[in-house]
Participant: 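Encoded as structure tokens, here's the structure I'll be asking about.
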Amino acid sequence: MRMKFVPVEPGEEFTLPITRGMDGCQIMVRAFRTTHGACPSVGYTIGVRGRAQRKPEYQDLSQDELRTLAKQGTQLSFREETWELTYTGDTTVDAFSIPDNSPLFQVQVLITEATMLEDSDKARRSAGENSHMHVDHVVDSVMPRTRAEIVLVHVSARYSAKQTMNLISSKVNEEDKHRVSVAVSSLTGARRDFGRSILPNGLMPLSSMTRR
């Protein structure tokens with residue numbers, strides 16, 4: 001597969017060159033700043049820009065009137081934008097406190113990391129010192145600010161799949177478990193312990209733990 005790598009800065013937005021099946025809509029990607037040690041890093045938010053629609057205040061004008069306004073430089077149409085998915089990549093929880101990153105909480109799906117899981121000050125401190133996140137950061141600082149579905153990734157390989165699901169399940173409130181999934185397929189014992197509870201995409205819904 002041939003790919004073109006495009007360097008981006010936080011705040012930059014670009015439109016993907018996808019038109020087939022889009023019916024005039026556009027897929028847009030916006031980069032945002034993350035915090036991963038001394039290395040500059042970004043995450044990405046993906047959204048959809050709808051088809052161009054005439055602004056309500058110009059709906060009843062004639063074609064001649066519209067042409068006149070267009071020649072005067074009046075913007076006659078608009079595109080509704082919805083932000084659908086965010087992927088943070090490796091980051092500390094500080095990325096969620098950057099003012100320019102407030103759109104992260106408006107998406108439908110938020111994919112973020114939870115490297116450390118143990119319920120200890122040492123684990124929480126280790127996560128921050130190594131520029132990662134502890135599951136407590138997600139539960140305490142991120143989830144209360146969004147109603148998005150949460151997908152937890154980048155869990156440390158020190159945990160088995162069973163440990164991972166048990167530790168995360170113990171942290172998340174019952175009323176929020178339906179919107180949390182965990183990437184477990186690469187963790188030790190995933191298929192042995194959970195089998196068909198793991199979805200084809202490698203995720204396991206946290207709500208499935210309550211049915212076991």
Side-chain angles (χ1 to χ4, degrees), residues 1 3 27 29 32 34-37 39 41-47 83-96 101 104-105 107-212:
M1 179 185 297
M3 293 181 289
I27 296 178
V29 180
F32 60 89
T34 56
T35 49
H36 191 54
C39 179
S41 57
V42 296
Y44 298 95
T45 296
I46 301 174
W83 295 101
E84 303 287 345
L85 181 146
T86 284
Y87 174 69
T88 67
D90 292 5
T91 187
T92 70
V93 71
D94 292 339
F96 291 92
N101 288 355
L104 303 188
F105 300 104
V107 296
Q108 301 298 310
V109 180
L110 173 58
I111 305 173
T112 193
E113 69 145 281
T115 300
M116 302 297 290
L117 306 176
E118 298 110 309
D119 188 14
S120 71
D121 290 337
K122 180 180 179 181
R124 285 183 282 269
R125 186 168 55 251
S126 175
E129 290 173 350
N130 290 284
S131 300
H132 290 295
M133 288 174 63
H134 188 283
V135 65
D136 284 354
H137 296 146
V138 180
V139 173
D140 297 338
S141 300
V142 178
M143 292 184 65
R145 299 174 65 186
T146 180
R147 296 311 303 167
E149 293 184 31
I150 306 294
V151 179
L152 299 179
V153 300
H154 200 271
V155 174
S156 172
R158 75 184 67 189
Y159 308 109
S160 68
K162 191 171 185 178
Q163 286 176 311
T164 295
M165 296 304 294
N166 285 335
L167 286 166
I168 294 176
S169 183
S170 70
K171 294 288 186 177
V172 178
N173 294 329
E174 287 296 327
E175 59 268 27
D176 285 322
K177 288 183 179 180
H178 71 280
R179 63 186 182 105
V180 179
S181 297
V182 188
V184 298
S185 61
S186 64
L187 300 177
T188 302
R191 296 296 173 184
R192 179 194 66 221
D193 292 330
F194 298 120
R196 293 182 180 178
S197 294
I198 300 175
L199 302 177
N201 59 10
L203 300 181
M204 182 170 172
L206 199 58
S207 58
S208 66
M209 292 292 290
T210 63
R211 300 192 295 267
R212 297 185 65 82

Participant: Do any N or O atoms from the side chain of Lys177 and from the backbone of Ser169 form a donor-acceptor pair under 3.5 angstrom?
Facilitator: yes
Participant: On a heavy-atom basis, which atom in His154 and which in Asp90 lie closest, and how many Å separate them?
Facilitator: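 His154 and Asp90 have their closest heavy atoms at CD2-OD1, 3.3 Å.
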Participant: What distance do Trp83 atom CH2 and Thr45 atom OG1 have between them, rounded to the nearest 0.5 Å?
Facilitator: 6.5 Å
Participant: Any chance you could lay out the side chain to side chain contact (heavy atoms under 4.5 Å, CB included) test for Val107 and Leu85, step after step, and finish with the verdict?
Facilitator: CA-CA 5 Å; Val107 296; Leu85 181 146; 5.6 Å; no
Participant: For Arg179 and Ala148, indicate whether the former's side chain and the latter's backbone hold a donor-acceptor pair under 3.5 Å.
Facilitator: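 Confirmed, Arg179 side chain pairs with Ala148 backbone.
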Participant: Looking only at heavy atoms, what is the nearest atom pair of Tyr87 and Phe32, with distance?
Facilitator: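 So the minimum-distance heavy-atom pair works out to O-CZ, 3.8 Å.
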Participant: Distance check, rounded to the nearest 0.5 Å: Met209 atom CE versus Phe194 atom CZ?
Facilitator: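 Between atom CE of Met209 and atom CZ of Phe194 there are 5.0 Å.
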Participant: Look up atom CD in Gln108 and atom OG1 in Thr146, then write down how far apart they are to the nearest 0.5 Å.
Facilitator: 8.5 Å
Participant: Compare all side-chain heavy atoms of Val184 with those of Val155 and state whether any distance is below 4.5 angstrom.
Facilitator: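 When only atoms from C-beta onward are counted, Val155 and Val184 do not touch, as no gap falls below 4.5 Å.
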Participant: Leu152 pairs by side-chain contact (heavy atoms from CB on, under 4.5 Å) with which of Thr164, Ile168, Leu203?
Facilitator: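 So the option named by the test is Ile168.
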Participant: When you compare the side chain of Val172 with that of Met143, does any pair of heavy atoms fall below 4.5 Å?
Facilitator: yes
Participant: Looking at every heavy atom in both Asp119 and Lys171, which two are closest together, and how far apart are they?
Facilitator: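 For Asp119 versus Lys171, the nearest heavy atoms are OD1-NZ, 3.0 Å.
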Participant: Checking side chain to side chain donor-acceptor pair (under 3.5 Å) for the pair His178/Ser207: CA distance, chi angles, key distance, verdict?
Facilitator: CA-CA 5 Å; His178 71 280; Ser207 58; over 6 Å; no
Participant: Grab the two heavy atoms, one from Val142 and one from Phe105, that are nearest each other, plus how far apart they are.
Facilitator: O-CE2, 4.1 Å
Participant: So which atom in Leu199 and which in Arg191 form the shortest heavy-atom distance, rounded to 0.1 Å?
Facilitator: O-NH2, 4.5 Å
Participant: Under the side chain to side chain donor-acceptor pair (under 3.5 Å) rule, what do Thr115 and Ser156 come out as? Steps first, then yes or no, please.
Facilitator: CA-CA 5 Å; Thr115 300; Ser156 172; over 6 Å; no
Participant: Which residue, Asn101, Thr112, Thr35, forms the side chain to side chain donor-acceptor pair (under 3.5 Å) with Thr88?
Facilitator: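 Answer to the side chain to side chain donor-acceptor pair (under 3.5 Å) test with Thr88 among Asn101, Thr112, Thr35: Thr112.
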Participant: Would you indicate whether the side-chain heavy atoms of Glu129 and Thr92 approach each other to under 4.5 Å?
Facilitator: no
Participant: Please round to the nearest 0.5 Å and tell me the distance separating atom CZ of Phe96 and atom NE2 of His137.
Facilitator: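 NE2 of His137 is found 11.0 Å from CZ of Phe96.
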Participant: As an exercise, state the distance from CE of Met133 to CG of Asp94, rounded to the nearest 0.5 Å.
Facilitator: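 The CG atom of Asp94 is 9.5 Å from CE of Met133, to the nearest 0.5 Å.
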Participant: Could you tell me the separation between the CG atom of Leu187 and the CE atom of Met204, rounded to the nearest 0.5 Å?
Facilitator: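 These two atoms lie 11.5 Å from each other.
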Participant: Identify the heavy atoms of Val139 and Pro144 that sit nearest to each other, and give their distance.
Facilitator: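 That would be O-CD, 3.3 Å.
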Participant: In sequence, state the C-alpha distance, the side-chain angles, and the governing distance for Arg147 and Asp176, and then conclude on side chain to side chain contact (heavy atoms under 4.5 Å, CB included).
Facilitator: CA-CA 9 Å; Arg147 296 311 303 167; Asp176 285 322; 3.6 Å; yes
Participant: Under a 4.5 Å cut-off applied to non-hydrogen side-chain atoms, are His36 and His132 in contact?
Facilitator: yes
Participant: Just one of Met116, Glu113, Arg125 clears the side-chain contact (heavy atoms from CB on, under 4.5 Å) bar with His134, so which one?
Facilitator: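 So the option named by the test is Met116.
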